[in-house]
Structure formats: C-alpha cells, structure tokens
Amino acid sequence: MFEVEQRRIEEQIQAYCTAHDLPAPTLRWKWIPFSGQWGISTSFFQLAAASFGDQKGNTQAKAQEIALGIAEDLGTPAGFSKVEAVKGYLNLTFDPAQYTRRVVDAVLDEGEGYGQGMRRHEQVMVEFSQPNTHKAFHVGHLRSAILGDVLCNLLDAAGYDVVRTNYPGDMGLHVIRWLWNYKKYHMGEKPDRDITKWMGNLYAEAIKRLEQNPELDAEVREVYKQWDNRDPEIVALWKETRQWSLDGFDDMYAKLGIRFDRYYFNSMFEDSGREIVDELIRKGIADDERATGGPVVVKLDEKLGLTGEKYHVFVALRSDGTALYATEDLGLARQKFLDYPGLAKSFYVVDVRQSLHFQQVFKTLELDGYAWAVKCQHVPYEIVSLPGNVVMSSREGAIVLLEDLLREANERALQVVREKNPELTEERKQEIARAVGIGAIKYPMLSRDNTKVVTFDWQSALDFNGQAAPYIQYAYVRANSILRKANMPIPASLLPEYELSQPEVALIDLIGRLPDEVQSAARDLRPLVITNLAYELASAFNDFYGQCPVLQAEEKIRNSRLRLVAAARQAMANSLALLGITAPQAM
RNA sequence: GUCCCUGUAGCGCAAUGGAUAGCGUGCCGGCCUCCGAAGCCGUCGGUGCGGGUUCGAAUCCCGCCAGGGACACCA
C-alpha cells in the first residue's frame with residue numbers, strides 16, 4: 001500500500017549506512033506486531049552484529065544506536081505520522097487519515113479485484129481431486145478437492161494463469177471388480193439419484209462377494225482379460241458406467257463450487273507410459289528384469305550415485321508387461337507438458353503417503369532427460385481420518401460419504417436459519433443454508449496446515465460457532481445490514497476528520513494486509529494464511545461493530561465509517577471467495 | 001532398518017528466526033431499551049526432553065522420547 005514511500009525510505013537507509021560506514025543492510029519489513037501500533041517495522045540486529053566484524057560488541061545497544069540514527073535521519077516521511085527507534089527496531093507508523101483513505105479507496109475502487117496481484121503471464125497447472133470412478137466419494141477424498149481448488153484460487157489471485165486439472169482413476173482392478181459384479185447381478189439397473197453412493201455400494205458389494213467366495217476371482221480375471229482385449233461389450237459397459245460416476249462427481253463439484261479446465265483419465269496413459277518405460281530401458285536407466293520373472297525397475301539411488309537409500313527402487317512396469325499407476329504417471333507428466341509447453345510449474349495435490357512415489361516419478365523423468373521434470377512438484381497433504389485414527393476406506397465401509405455430509409450440514413444450517421430468520425422465504429433459507437453448510441465443511445479443511453491430519457467427527461463438523469466459516473459470514477452479513485439500513489449510496493472518497501478509535505485502526509490494518517497475504521499464501525501454497533486473515537478480519541469487524549456506532553454517528557464520522565464498513569465487507573467477501581466460500585446477503 | 005511428517009493450555013489449532021506466544025472450544029460469571037446475541041466482555045490455563053547455532057529459537061542443527069506415515073510389481 002505504501003510501496004513507493006517504502007522504497008524511498010529504504011534508499012535513504014542505504015544512504016545513511018554508506019555515509020556512516022556501516023555494511024549494506026538487507027531490510028525486511030513486517031507489520032508492527034502490537035495491537036494499537038499501526039505501520040511497518042524492521043530491525044537492525046543483523047546489521048549491528050555485522051558492523052562489529054570479528055570483534056565482540058553489544059549488539060542490542062548498537063542496533064538501537066543505528067535505529068536512533070536512522071530515525072533522526074528520516075524525520076517524518078510523507079505518509080507516516082511517527083518514526084520511532086525501539087529496542088533496535090525502527091517503527092514507522094502510518095498517518096492514520098492518509099492510510100485509511102488509501103486502503104479504503106483501494107478496496108472500493110478495485111471491488112472484487114481487491115487483493116489480486118498483477119498478472120504474471122506465467123502458466124501453472126494444479127492437478128487435484130483424482131477421484132476413482134465406480135467407487136464412493138467420501139470425506140477423505142474431500143481434502144484434495146477443497147485444497148486443490150483453493151490453491152488454484154490463490155495462485156490465480158497471485159497473478160498466475162492456472163490450469164485446473166482433474167485425473168480420475170477410471171481403470172484398474174477396482175473398476176474390473178465393479179463391472180464383474182454389475183454384469184452378473186445388476187445388469188440393466190441404473191441409478192436415478194445419489195449416483196456416487198449407489199456406485200460405491202455396488203463396489204462394496206463386489207468386494208464382499210469376492211471375500212466370501214474367493215473362487216469367483218477367476219471370473220474377475222476373465223473380465224480383466226476381456227478388457228485387455230478391448231472386448232467391445234466390456235468397453236461399452238465401462239464407458240457407460242464410468243459416465244455415471246463422472247456425472248455424480250460433476251454434481252458434487254457443482255454443489256461444492258469446484259470446477260476444472262481439463263480432465264485427464266487414468267486409462268489414457270497405459271500406452272504412453274509404456275513408451276517411456278521402453279525409452280528408460282533403452283537408455284539403460286531402467287533394468288528390465290522380466291526375463292527372470294521380475295518387473296522393470298529403476299534403481300534410483302544407484303543411478304544417482306547415492307550411497308544411502310533415499311529414492312529406493314522405482315517399479316515402472318509389472319512383470320507381465322501391464323501398466324501400473326506408476327507407469328501411467330510417467331505418461332501423464334509428459335502429456336501435461338506436451339499440452340501446455342509453457343508451464344512454469346506442474347503441481348500434484350495428492351496425499352502425503354505418495355511422497356516417495358512422486359519423488360521417484362519426477363527423478364526418473366529427470367534422469368530420462370526431460371528438462372521440465374524439475375517443474376513438477378508434489379503438494380502433499382495429510383489425510384482426513386476418523387476419531388481413533390481410523391483411515392477411511394471404501395473397502396471397509398468405515399467412511400463418511402460426501403453426500404451424507406452435505407445433506408447433514410445443509411439440514412443443520414437450515415434449522416438454524418429457520419430459528420434465526422423465520423421471516424425469510426423458503427427459497428432464501430435454502431440458499432443461505434447451502435452457503436453456510438458448504439462453508440462449514442470447507443473451512444476446517446483449509447484452516448490447518450496441509451501437513452496436519454484432519455480428524456473428522458460429526459459434532460465439530462456441524463458446529464457453526466467459534467473460529468469457523470459461519471462466523472465470518474455472519475460478520476459479513478452484519479456489515480451488509482448496516483449498509484442496507486443506511487439507505488444511501490456509499491459516500492465519496494474522503495479523509496477522516498476525527499481521531500480513529502482503536503477498533504477502526506485494527507480493522508483498517510487487516511483490510512490493508514490482504515494483497516500481501518494473498519501473495520504469501522500462494523507462494524507457500526498455504527490456504528491457512530487466508531483462513532486466518534478472514535477470521536481476524538471478521539473478529540476485528542465484530543469488535544468495531546460493538547464499539548463504533550455508524551448510523552447514529554454524526555455525519556462526518558458516519559460517512560467515514562460507512563466507507564470503512566463497505567471496505568470491510570468487500571475484504572471479507574474477497575477472502576471468502578478465495579476460500580471458495582459464499583458470503584450470503586443475510587443469514 | 002532407511003526416509004518423511006507431527007509434538008504449543010483439558011481438547012482442536014495459530015504464530016517470515018524478532019519485541020508482550022495468539023485464537024477457538026470447554027468450565028464458571030456477565031451483556032439484547034443502542035446498526036442482527038450464528039455476537040461481545042471477563043476468568044482459568046501452554047512451547048515433549050537434552051544439547052548446540054544466533055544479538056535473539058516454538059521456529060534452524062544434533063541426539064533422545066512419543067505418535068503417524070512411506071519404503072519392488074496397490075492406488
């Protein structure tokens with residue numbers, strides 16, 4: 001927000017250091033961390049330590065001495081109200097009126113675009129969700145979908161051109177088993193609603209039948225053979241039933257507000273994966289052990305000349321020559337760069353258990369000479385488990401289905417809306433319940449670090465109080481309500497002509513941070529940064545709401561506060577939008 | 001055995017190597033005659049252990065302890 005002034009100050013500090021025979025400092029600015037303080041700060045401890053060279057000295061005192069000198073040299077630069085040297089820190093306090101106007105104007109001028117960075121003209125791909133067709137979609141699958149979607153939002157807001165990519169697992173033993181079960185026991189049936197749930201039930205049924213009668217495996221193998229021979233009947237059945245799953249996924253993505261630009265399918269890469277494996281064998285990177293009944297492997301540590309075991313052994317092709325997931329991943333990685341040669345990054349949002357797998361895939365491709373391999377990056381996240389550290393598994397039935405969660409969250413939200421806002425039309429109530437329900441589901445998946453396990457339990461999933469999406473939505477609604485009741489256009493840009501109160505200072509401060517936090521969240525691939533900011537914004541707004549009357553205030557204050565409320569509303573809406581959460585107009 | 005992740009308040013989580021470690025929840029107690037109480041205010045309570053690096057460590061390094069995960073033909 002004060003980039004120009006900041007740069008000028010940096011130059012002045014550099015000049016000061018040169019003039020005073022000090023080493024060139026590397027200045028890192030951060031927000032003054034105390035509430036009530038309002039501006040940016042930097043410290044001179046490193047510089048002080050460096051200034052002593054090999055000699056010992058009192059760094060604290062020296063840092064303070066430098067800070068004092070610089071503070072004096074700077075005076076009070078334009079845009080700032082105070083410059084202070086405190087314990088080795090240089091604190092630059094923004095001029096309240098000017099800063100307020102600048103932040104509020106920026107937000108209201110830019111509207112939905114506030115927080116977005118300059119376009120970088122760089123393309124990145126994010127692959128996420130990767131659901132298996134012919135299986136249930138449960139809460140464990142939700143994290144990749146939600147995390148990936150928000151990472152796309154963040155990267156886009158940070159200025160990248162994002163290709164949102166899905167990679168459904170549409171072929172494999174699970175599909176073959178499903179087809180066998182369907183053909184034998186359900187031929188001709190078709191689901192009309194809750195498609196994914198129905199597909200999942202049939203899959204679970206297949207597993208159960210095979211467990212109870214292992215001799216049926218022979219029939220399954222027969223179906224696999226038919227698939228391998230591309231038997232038209234099986235291929236047709238596969239295509240038809242696969243589409244049911246995909247339709248079901250589309251329905252859920254629509255409910256969740258998640259979209260994709262590009263679909264790749266597992267089944268597309270059996271051949272191209274094998275091509276790469278052949279190439280690896282030809283180049284001597286992979287060892288073909290099929291003659292002795294083994295698979296095709298890449299002994300990565302050996303090929304890289306590592307003594308330890310870091311990459312272990314990568315199995316690239318089954319001993320019978322059929323493709324496995326790893327084979328297909330080789331083909332897929334290449335295809336992405338064939339389709340999008342300009343990709344600066346190719347991200348894979350996949351759970352942490354596959355970390356080694358992706359290291360192996362990327363390293364193998366690098367050894368194979370593909371320069372783009374280094375642009376591939378696995379974005380690991382921890383799984384969603386059930387209480388007692390139970391991993392959700394479609395096979396064992398210990399799962400919470402997404403359909404059920406969506407329905408429960410929606411119902412719970414509807415119940416609360418009916419209680420709080422009986423006068424709204426049923427349609428509005430439904431709309432609000434959807435926004436609140438989805439928000440309540442998404443927020444907990446985004447508000448903890450990617451590397452931390454999310455434990456799902458119904459009680460906290462349906463708890464709408466405290467640090468959660470409905471809290472932020474509620475603050476938004478309150479802001480909206482004030483503006484509606486004001487019953488007048490938002491006043492034109494103005495310089496506040498009164499002393500800002502503490503809650504106003506805090507609120508403006510947080511609003512002003514959004515653009516930086518977007519960059520930071522995108523850089524570190526951490527939605528958490530935005531969930532935190534959104535919550536803090538809402539909290540600061542609630543504080544403001546309780547302490548600063550708007551509509552009843554005298555005109556000068558009212559006009560200024562109306563603009564602030566509008567800016568806060570916009571900042572909250574934009575933060576929520578980044579998180580894929582809808583801000584309802586009432587709730 | 002090798003490698004990765006995680007240990008912060010009863011529980012769930014924050015905190016670019018920086019100043020005074022924050023929030024939610026839970027317990028207890030307050031606040032609707034004031035822009036919406038899905039809200040606000042108050043109270044209790046914490047960096048797994050031991051070294052090291054640094055002016056400064058929850059954060060980086062080493063060791064230990066505890067939990068989770070990955071390691072040749074599953075995805």
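Heavy-atom basis, side chains included; hydrogens, waters and symmetry copies ignored. Here is how names work: the chains are called A, B, and so on, in the same order as the sequence lines, proteins then strands, and each is numbered from 1.
Checking rG36(B), rU2(B), rG17(B) against the side-chain heavy atoms of R28(A) singles out rG17(B) as nearest. Which of rA15(B), rU2(B), rG18(B) sits closest to the side chain of K30(A) comes down to rG18(B). If you check rA75(B), rG36(B), rC55(B) against the side chain of Y474(A), the one that comes closest is rG36(B). When each of rC55(B), rC71(B), rG36(B) is scored by its nearest atom to the side-chain atoms of L356(A), the top-ranked nucleotide is rC71(B). Checked against rA75(B), rC34(B), rA15(B), the side chain of N132(A) finds its nearest nucleotide in rA75(B). Here the nucleotide nearest the side chain of D543(A), chosen from rG36(B), rC13(B), rC41(B), is rC41(B). If you check rA38(B), rC40(B), rU2(B) against the side chain of E309(A), the one that comes closest is rU2(B). Nearest nucleotide to the side chain of Q354(A), out of rA70(B), rG12(B), rA75(B): rA75(B). The side chain of N542(A) lies closest to rG39(B) when the candidates are rG39(B), rC23(B), rG36(B).
For rC74(B), the OP1/OP2 oxygens have no side-chain nitrogen or oxygen of R353(A) closer than 4.0 Å. Residue K452(A) has a polar side-chain atom (N or O) positioned under 4.0 Å from OP1 or OP2 of rA14(B). Here R318(A) reaches the OP1 or OP2 of rA75(B): one of its side-chain N or O atoms lies under 4.0 Å away.
Side chains of E504(A) and S501(A): a donor-acceptor N/O pair is present below 3.5 angstrom, by distance only. A side-chain donor from one of D170(A) and S267(A) sits under 3.5 Å from a side-chain acceptor of the other.
Ring geometry for H134(A) against W178(A) counts as perpendicular: the plane angle is over 60°, on a 0 to 90° scale with 30° as the lower cut. By the 30° and 60° cut-offs, the orientation of the rings of Y89(A) relative to F45(A) is perpendicular.
D301(A) has its CG atom 14 Å from the C1' atom of rA70(B), to the nearest Å. Atom C1' of nucleotide rG12(B) and atom CG of L446(A) are separated by 16 Å, given to the nearest angstrom. Counting to the nearest Å, the P atom of rC4(B) and the NE2 atom of H357(A) are 19 Å from each other. Rounded to an integer number of Å, the gap from CD of Q467(A) to P of rC11(B) is 18 Å. One interatomic measurement links the two molecules: CD1 of I472(A) to P of rA38(B), which rounds to 16 Å at whole-angstrom precision.
Remark on RNA chain B: of its neighbouring residues Q585(A) and Q46(A), the 5'-side contact belongs to Q585(A), judged by nearest-heavy-atom nucleotide. When the nearest nucleotides of RNA chain B are assigned to Y325(A) and T451(A) by heavy-atom distance, the more 5′-ward of the two goes with T451(A).
Using a 4.0 Å heavy-atom distance criterion, G293(A) is classed as a base contact. At the heavy-atom level, V417(A) lies under 4.0 Å from base atoms of the strands shown. Nucleic acid contact for R561(A): none, since no nucleic acid atom lies under 4.0 Å from a heavy atom of the residue. Contact annotation for E289(A): base contact, defined as any heavy-atom pair under 4.0 Å involving a base atom. Residue-level contact check: N58(A) touches neither bases nor backbone, having no heavy atom under 4.0 Å from any strand. When heavy atoms are screened at a 4.0 angstrom cut-off, L324(A) is found touching the sugar-phosphate backbone but no base atom. Contact annotation for A486(A): no contact, since no heavy-atom pair falls under 4.0 Å across all strands. Residue Y545(A) is classed as a base contact, given a heavy-atom separation below 4.0 Å to a base. Counting any heavy atom pair closer than 4.0 Å across all strands shown, D449(A) reaches sugar-phosphate atoms only and no base atom. Note on Y89(A): a base of the nucleic acid sits closer than 4.0 angstrom, heavy atoms only. W31(A) comes within contact range of no nucleotide atom at all, as no heavy-atom separation falls under 4.0 Å. The residue V296(A) sits apart from the nucleic acid: no heavy atom pair falls under 4.0 Å. Within 4.0 Å of T455(A), counting heavy atoms only, lies no atom of the nucleic acid at all. Within 4.0 Å of K87(A), counting heavy atoms only, lie sugar-phosphate atoms of the nucleic acid but no base atom.
The shortest non-hydrogen separation linking A522(A) to A158(A) is CB-CB, 3.4 Å. For the pair N465(A) and D463(A), the tightest heavy-atom approach, listed with the atom from each and the gap, is N-OD1, 3.1 Å.
With respect to E65(A) and K62(A), a salt bridge is recorded, a charged nitrogen being found less than 4.0 Å from a carboxylate O.
Under the 6.0 Å distance and 45° angle rule, R242(A) counts as a cation-pi partner of W238(A).
Judged by distance alone, with hydrogens and angles left aside, N91(A) brings a side-chain donor or acceptor within reach of the base of rA19(B), the pair sitting under 3.5 Å.
The ring of F34(A) lies on top of the base of rU20(B), close enough and flat enough: under 5.5 Å between centres, under 30° between planes.
With a glycosidic angle more than 90° from 0, rC61(B) adopts the anti conformation.
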